[in-house]
Number of protein chains: 2
Amino acid sequence: MDKKSLSEDCLRNLRGIKDTQDLLSGKWKTSIIGALYHNGKFRFMELKRHIDGIAPKVLSKELKDLEMNRLITRKVRDTMPITVEYELTPQGKSLNKVINAMGEWGVRYRELMMKK
Amino acid sequence: MDKKSLSEDCLRNLRGIKDTQDLLSGKWKTSIIGALYHNGKFRFMELKRHIDGIAPKVLSKELKDLEMNRLITRKVRDTMPITVEYELTPQGKSLNKVINAMGEWGVRYRELMMKK
DNA sequence: CAGGATCCGGTTAGATACTG
DNA sequence: CAGTATCTAACCGGATCCTG
């Protein structure tokens, strides 16, 4: 194999990695998706409570990004006062392999680092 | 189940997700790991060539981050001129599930978006 | 070759206060 | 409740040039 160039397949895969990384960019998106995945739905403040330390402005912006990329939906229910529900789309749910892999790896990594 | 709190397991998992996300933060780390995973080893300039558009300073910094977190190793061989080889640690290799999941999802996501 | 030094602009994210 | 407004500091990443 030529050391200087990777195969077409690899390149496509690398581009996939980068695409995914870009969609999940920032400090919070994977946490948001993870939380929604575990719980199904969340309202704005619930989400905020579960994601430790996030500012409302930041959460709001992240949610908009995710919505734009069709990974979550935003549903306004005209209760009084209004409530808003965020939920994963099928597209967003299909990220579970990625998110789960991250969760499992992260847990194991932390354990390993503890031992040292 | 209480709507207001997630189980211990979920919380641990969410923390794992966040840990992983933090370790892979920035625009480039997953691409670097992906490239190393496919190829085994890379020298600095090889890596730079394969990662489209990255500046040397940035690549250098990303590599240091990864090394600090024990995901890659840096080996200097005293050839003339010196050459440096970067390689994944077992720890770094164990990220393959995450990286692969990202790659696969990204490829599928792109196809789906193309259709619309 | 493998990076470091420097300069710089844009984005990100945090705190706090405020609104419909 | 579900956000927006404002201000700021930090960081990120790019370009270019330089060095052992």
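By convention in this document, chain letters (A, B, ...) are assigned in the order of the sequence lines, proteins followed by strands, and residues within each chain are numbered from 1.
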- Kindly say whether, by distance alone, the side chain of Lys57(A) makes a donor-acceptor pair under 3.5 Å with the base of dG14(C)?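 Check passes, donor-acceptor contact within cut-off.
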Using a cut-off of less than 4.0 Å, is there contact between a side-chain N or O of [X] and OP1 or OP2 of [N]?
X        : N       : result
Ser60(B) : dG4(C)  : yes
Arg43(A) : dA2(D)  : yes
Arg74(B) : dG3(C)  : yes
Lys61(A) : dG14(C) : no

Atom pairs under 3.5 Å: protein N/O with N/O of nucleotides 18-20 of chain D:
none

Just by distance, do the side chain of [X] and the backbone of [Y] share a donor-acceptor pair under 3.5 Å?
X        : Y         : answer
Gln91(B) : Tyr109(A) : no
Ser60(A) : Pro56(A)  : no
Asn69(B) : Leu71(B)  : no
Glu46(B) : Arg43(B)  : yes
Glu87(A) : Lys75(A)  : no

Please give, in whole Å, the distance from [N] [atom2] to [X] [atom1]?
X        : N       : atom1 : atom2 : answer
Lys41(A) : dA2(D)  : NZ    : P     : 14 Å
Lys64(A) : dT11(C) : NZ    : C1'   : 17 Å
Glu46(A) : dG3(D)  : CD    : P     : 12 Å
Glu62(B) : dC12(D) : CD    : P     : 8 Å
Glu85(A) : dA2(D)  : CD    : C1'   : 13 Å
Lys75(A) : dA2(D)  : NZ    : P     : 15 Å
Arg77(B) : dC1(C)  : CZ    : C1'   : 14 Å
Leu59(B) : dC1(C)  : CG    : P     : 14 Å

- Task: Name the closest nucleotide to the Tyr86(B) side chain, picking from dA2(D), dA2(C), dG3(C).
- Result: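 Within the option list, the nearest is dG3(C).
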Heavy atoms only: give me the nearest [X]-[Y] pair and the separation to one decimal.
X         : Y        : result
Arg70(B)  : Thr89(B) : O-OG1, 2.8 Å
Val107(A) : Asn13(B) : CG2-CA, 4.4 Å
Lys93(A)  : Tyr37(A) : O-CE1, 3.9 Å

- Axis bend over the full length of the helix from dC1(C)-dG20(D) to dG20(C)-dC1(D), computed from five pairs that close each end, to 10 degrees: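 Helix axis angle between the two ends: 50°.
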- Query: Tell me, which of residues 20-32 of chain B have any heavy atom that sits under 4.0 Å from an atom in DNA chain D?
  - Reply: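 Of all residues in residues 20-32 of chain B, the ones placing a heavy atom under 4.0 Å from DNA chain D are Gly26(B), Lys27(B), Trp28(B).
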In chain order, what residues pass the side-chain contact (heavy atoms from CB on, under 4.5 Å) check against [X], with sequence neighbours excluded?
X        : value
Ser25(B) : Lys29(B)
Lys27(A) : Lys18(B)
Val58(A) : Trp28(A), Ile54(A), Ala55(A), Glu62(A)

- Salt-bridge test for Glu85(B) and Arg77(B): reply yes if a basic N is under 4.0 Å from a carboxylate O, no otherwise.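 Salt bridge: yes.
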